[in-house]
Amino acid sequence: QMTDVGEMMEDVVDRFSLQLRQKAITVKVEVDPNLAKVWIDRDGIDQVLDNIVSNAIKYTLDGGSVRLTAGPTESGQLSVSVRDTGIGIPKKDLAHIFDRFYRVDKARSRNMGGTGLGLSIAREIVRANGGIILLDSEPGVGTTVTVTLPMVQEGSEYA
Ligand code: ATP
Ligand code: MG
């Protein structure tokens, strides 16, 4: 569907407004003005963002911040990223983070709820759309998840 990415990101954030308020987490959404409406799998990407933002909030301490940005890459793909100031992920866990049911430190995550499926589902959807998902993290500093995928901007022809 033709999608206003900024609007889609605001909608995702709105769905978490209660948790955001409870944890006093501030959110910023920034869209590159060069990004027109884009033709993407809106429902799929919405679910991907939902999973990533849910993690950003769940693994960020009270008073932290989450920033969503979107824009075109140099090669004309859509790049969407979610950066948090959360607890981060240890280097040794990064290689497994997209595996099904994988969770860092089971004791830590047990009382947070969840099954360890969010990121593996996100990766499946992104791959099905011909894109990639990257995760960068530094323990105690924060995590950035970036999704890059093909798009067609409104006003351009494609075949
Ligand atoms: P579910 O998404 O099924 O509710 P989950 O959040 O534990 O459960 P994933 O979303 O797949 O599962 O994430 C896997 C693990 O990666 C999490 O348990 C958590 O340890 C770690 N993780 C994911 N995102 C972040 C983040 N933004 N900051 C810190 N750790 C994260
Ligand atoms: Mg999750």
Side-chain angles (χ1 to χ4, degrees), residues 3 5-32 35 38 40-73 77-151:
T3 303
V5 176
E7 205 171 88
M8 176 174 67
M9 295 194 299
E10 297 281 3
D11 286 350
V12 171
V13 169
D14 283 347
R15 277 182 251 138
F16 290 99
S17 56
L18 184 62
Q19 282 120 291
L20 287 165
R21 203 150 1 103
Q22 281 171 342
K23 296 187 76 172
I25 292 174
T26 52
V27 183
K28 228 198 255 167
V29 175
E30 279 171 10
V31 182
D32 186 323
L35 189 70
V38 294
I40 50 168
D41 166 20
R42 179 176 181 136
D43 293 347
I45 303 311
D46 186 75
Q47 198 188 334
V48 168
L49 282 180
D50 204 277
N51 288 352
I52 297 170
V53 171
S54 136
N55 286 345
I57 297 169
K58 187 152 59 160
Y59 303 109
T60 293
L61 303 177
D62 290 12
S65 63
V66 174
R67 195 164 148 244
L68 287 77
T69 53
T73 68
Q77 296 208 309
L78 172 64
S79 170
V80 179
S81 67
V82 178
R83 173 188 301 247
D84 66 56
T85 58
I87 59 180
I89 301 165
K91 286 273 171 291
K92 66 172 173 55
D93 295 294
L94 278 181
H96 310 285
I97 212 69
F98 292 105
D99 294 352
R100 264 189 233 190
F101 304 116
Y102 192 85
R103 310 189 74 198
V104 178
D105 182 359
K106 289 173 187 56
R108 176 188 94 177
S109 29
R110 188 174 302 123
N111 52 3
M112 301 241 203
T115 52
L117 281 171
L119 285 178
S120 70
I121 292 168
R123 180 175 67 172
E124 230 169 84
I125 295 169
V126 170
R127 282 185 173 173
N129 279 278
I132 55 169
I133 180 167
L134 294 172
L135 189 148
D136 279 303
S137 191
E138 204 179 319
V141 177
T143 300
T144 303
V145 182
T146 304
V147 172
T148 307
L149 69 164
M151 63 161 171

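What you are looking at is a predicted structure, and each value in this text was computed from that prediction instead of being measured. Order of appearance sets the numbers: ligands from 1, and atoms from 1 within every ligand.
For Thr143, every heavy-atom contact with ligand 1 shorter than 4.0 Å involves the side chain, none the backbone. Using a 4.0 Å cut-off between heavy atoms, Tyr102 contacts ligand 1 through its backbone alone, with no side-chain atom that close.
Proximity of a side-chain donor or acceptor of Thr85 to a complementary backbone N or O of Ser65 within less than 3.5 Å is detected.
With Leu135, Thr60, Ile97, Thr115 as candidates, the residue nearest to atom 3 (O) of ligand 1 on a non-hydrogen basis is Thr115. Comparing Arg103, His96, Arg123 against atom 7 (O) of ligand 1, the shortest heavy-atom distance belongs to Arg103.
Nearest approach of Val31 to Gly6, heavy atoms of both residues: CG2-CA, 3.5 Å. Across Val5 and Ala70, no two heavy atoms sit closer than the pair CG1-CB, 3.7 Å.
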Legend entry - Trace of the side-chain contact (heavy atoms from CB on, under 4.5 Å) decision for Val104 with Ile97: CA-CA 8 Å; Val104 178; Ile97 212 69; 3.7 Å; yes
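Protein N/O/S atoms closer than 2.8 Å to the Mg ion (ligand 2), listed by chain and residue number, are Asn55 OD1.
Considering Val29, Val27, Val53 in turn, Val29 is the only one that fulfils the side chain to side chain contact (heavy atoms under 4.5 Å, CB included) rule with Met9. For the pairing with Thr143, the side chain to side chain contact (heavy atoms under 4.5 Å, CB included) check across Asp84, Leu94, Ile87 returns one residue only, Asp84.
Those atoms of ligand 1 with a heavy atom of Lys58 less than 4.0 angstrom away are 4 (O), 5 (P), 6 (O), 8 (O).
Heavy-atom separations between Gly116 and ligand 1 include at least one value shorter than 4.0 Å. Ligand 1 has no atom lying under 4.0 Å from any heavy atom of Asn51.
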